[in-house]
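Hydrogens, waters and symmetry mates play no part in the numbers below; they use all other heavy atoms, side chains included. Starting from 1, each residue takes its place in the sequence as its number.
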Amino acid sequence: MSAAPGPDPDAPRTLAASRLRSAALIAALSARLDSALHGTDAIVTVAAAGSLGRLEVSAGSDLDAIVIVADRLADGAAPAADVYAALAHPALKMPKPAGIFRRGVSAAALCAPQGRGALDEAPALFGKRIQCLLDTRPLFGASAFADLQTRILDWYGADRLRLDPHGQWTLLIHDLQRYLHSYAAWQQHKFERDDEDGWYLRQAKLRSSRLLTFAGLLLLLGASSRRHDKPAWLQAHLALTPLERIARVMREIDAAAFDAIESRYAAVHALLADPAQRAALVAQSPTALDEVPTRWPEPYAEIHRHTGEMLLGLTHFVLARRDDWHPDFFSELMF
């Protein structure tokens, strides 16, 4: 039996093209916001999230923006509406009207002490807070966004780590796991399908861009685990995309392992950037658990194969760091 085909050798070009397109969009959108929000004191900063934040815009990408409003504002709906009016662009789809990105939030709300460990915290708060550390980059108010990230890191215990450099990012490690596992469990049983979205497409995103977004921050936390300057080192690397974060940690230890992950990631990105392939994923998507087949159809089978190899490569790399990274990091990660 012949081996499964490897990644498309032309796929990296699609990923590189997405990066150039994203950079141009960020420049254009930033200029719009600088003009539209000039003189305002209601909006502190605006950050791109998702594919735009990762510099991976392609066909079907959403315009997800985190709008941070002044602490004095109790409701960020009106300021967010002004932001999205300025950001409207034909290359990006607006987020759903009822989605979490349509309402602004204050830094005070994101960093309220009572939110630490709260199991009933609203997803809009939990999701936006951790996403500010995962895959975001400023569109407006870059300095204020850096200050926000500092404030969030302090909320996660950076102030304690400055006093006790032998400690670990305990709450952040647990929240990162909560983000991944709750999201994965939700997506596993979300079978709604419409003309643009379906189970196979969501699973493809979960196993590719979502996986690398999670892994990018996790690898930074592991690589910093023995450092005495954890907060400063971590914040200095937050401007990197998830793929760049993984490259920063992996390349100096196992460049071949990173190259294999990057190659397969680029292949999945190229498939998802193709409107015809996305349409096939949506059309084939099951609408109930008992419709999920035991044998995947193409193109999802190819995506599942590539992402499975990515997952194995990342898992092997992390486990191989048992003697490199602090044992307390692994204790927090496992238990």
Side-chain angles (χ1 to χ4, degrees), residues 44-45 47 49 53 64 66-69 71 73-76 99-101 103-136 145-190 206 210-211 213-235 237-238 242 245 318 325-335:
V44 177
T45 184
D64 293 332
I66 296 176
V67 181
I68 305 298
V69 302
D71 285 351
L73 297 182
D75 187 350
I100 67 171
F101 292 108
R103 186 177 294 274
V105 65
S106 68
L110 291 180
C111 300
Q114 62 269 27
R116 293 190 183 100
L119 295 180
D120 60 348
E121 185 177 37
L125 291 176
F126 176 78
K128 287 177 183 175
R129 181 192 303 114
I130 200 161
Q131 193 150 23
C132 283
L133 306 180
L134 287 169
D135 61 359
T136 48
F145 183 69
D147 291 342
L148 173 65
Q149 288 183 317
T150 300
R151 197 166 167 180
I152 291 174
L153 289 178
D154 283 341
W155 189 88
Y156 275 116
D159 49 352
R160 179 184 56 82
L161 290 176
R162 295 186 190 98
L163 298 174
D164 177 18
H166 298 287
Q168 299 297 322
W169 291 100
T170 301
L171 180 58
L172 180 52
I173 292 170
H174 290 309
D175 260 6
L176 185 57
Q177 291 175 305
R178 177 160 64 131
Y179 163 80
L180 172 70
H181 294 305
S182 61
Y183 193 93
W186 172 51
Q187 289 295 304
Q188 185 178 7
H189 295 279
K190 179 179 169 63
L206 174 64
R210 303 286 191 274
L211 170 64
T213 298
F214 170 83
L217 183 53
L218 179 68
L219 263 61
L220 290 183
L221 295 176
S224 74
S225 63
R226 289 191 184 273
R227 299 184 67 94
H228 288 181
D229 60 345
K230 291 181 184 68
W233 188 89
L234 178 59
Q235 183 151 13
H237 290 80
L238 290 181
R245 295 175 183 185
V318 171
W325 296 351
H326 200 289
D328 288 348
F329 167 79
F330 283 99
S331 294
E332 299 290 356
L333 185 63
M334 295 298 295
F335 297 105

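Distance check: Ile152 CD1 to Asp147 CG gives 11.5 Å after rounding to the nearest 0.5 Å. The line from NE2 of His237 to CG of Leu221 is 12.0 Å long, rounded to the nearest 0.5 Å. Atom CD of residue Glu332 and atom CG of residue Leu171 lie 10.0 Å apart, to the nearest 0.5 angstrom. Between the CD1 atom in Ile66 and the CZ atom in Arg129 there is a gap of 11.5 Å [rounded to 0.5 Å]. Atom OH of residue Tyr156 and atom CZ of residue Arg151 lie 14.5 Å apart, to the nearest 0.5 angstrom. Summarising the geometry, atom CD1 belonging to Ile100 is positioned 8.0 Å from atom CG belonging to Asp64; distances are rounded to the nearest 0.5 Å.
With salt bridges taken as basic N to acidic carboxylate O contacts below 4.0 Å, none links Asp159 and Arg162.
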| Test side-chain contact (heavy atoms from CB on, under 4.5 Å) applied to Trp169 and Ser224, step by step | CA-CA 10 Å; Trp169 291 100; Ser224 74; 3.9 Å; yes
| request: Apply salt bridge (charged side-chain N to carboxylate O under 4.0 Å, His left out) to Arg160 and Asp154, showing your working. | output: CA-CA 8 Å; Arg160 179 184 56 82; Asp154 283 341; over 6 Å; no
| task | For the pair Leu125 and Val105, evaluate side-chain contact (heavy atoms from CB on, under 4.5 Å) and give the outcome as yes or no after the intermediate values. | result | CA-CA 8 Å; Leu125 291 176; Val105 65; 3.6 Å; yes
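Residues Val67 and Val44 are not in side-chain contact: their nearest non-hydrogen atoms beyond the backbone lie 4.5 Å or more apart. Inter-residue side-chain proximity for Gln235 and Leu153 is flagged as met; some heavy-atom pair is nearer than 4.5 Å. Looking only at side-chain heavy atoms (C-beta outward), Asp175 and Phe126 come within less than 4.5 Å of each other. Counting only heavy atoms from C-beta outward, the side chains of Leu133 and Leu172 approach each other to under 4.5 Å. Counting heavy atoms from C-beta on, the side chains of Leu218 and Gln177 never come closer than 4.5 Å. Residues Cys132 and Phe145 meet the side-chain proximity criterion, which asks for heavy atoms closer than 4.5 Å. Side chains of Ile68 and Leu110 form a contact here, defined as non-hydrogen atoms less than 4.5 Å apart. With contacts defined as side-chain heavy-atom distances shorter than 4.5 Å, the pair Leu217/Leu234 qualifies.
Closest of all the heavy-atom pairs between Trp155 and Arg116 is O-NE, 2.7 Å. Summarising the geometry of Ala158 relative to Pro231, their closest heavy-atom pair is O-CG, 3.6 Å, with the distance given to 0.1 Å. In this structure, Phe330 and Val318 approach most closely via the heavy-atom pair CZ-O, 3.4 Å. Closest heavy-atom contact between Asp71 and Ala107: OD1-N, 3.5 Å.
Geometrically, Arg226 does not engage Trp325 in a cation-pi contact defined by less than 6.0 Å to the ring centre and at most 45° from the axis. For the pair Arg210 and Tyr179, the cation-pi test (distance below 6.0 Å, angle within 45°) is failed.
Side chains of Gln131 and Thr136: no donor on one and acceptor on the other come within 3.5 Å. The closest side-chain donor-acceptor pair between Gln168 and Ser225, if any, does not fall under 3.5 angstrom.
Checked against the 6.0 Å centroid criterion, the rings of His166 and His326 do not qualify as a close aromatic pair.
In this structure, the side chain of Lys190 does not engage the main chain of Ala185 through any donor-acceptor pair within 3.5 Å.
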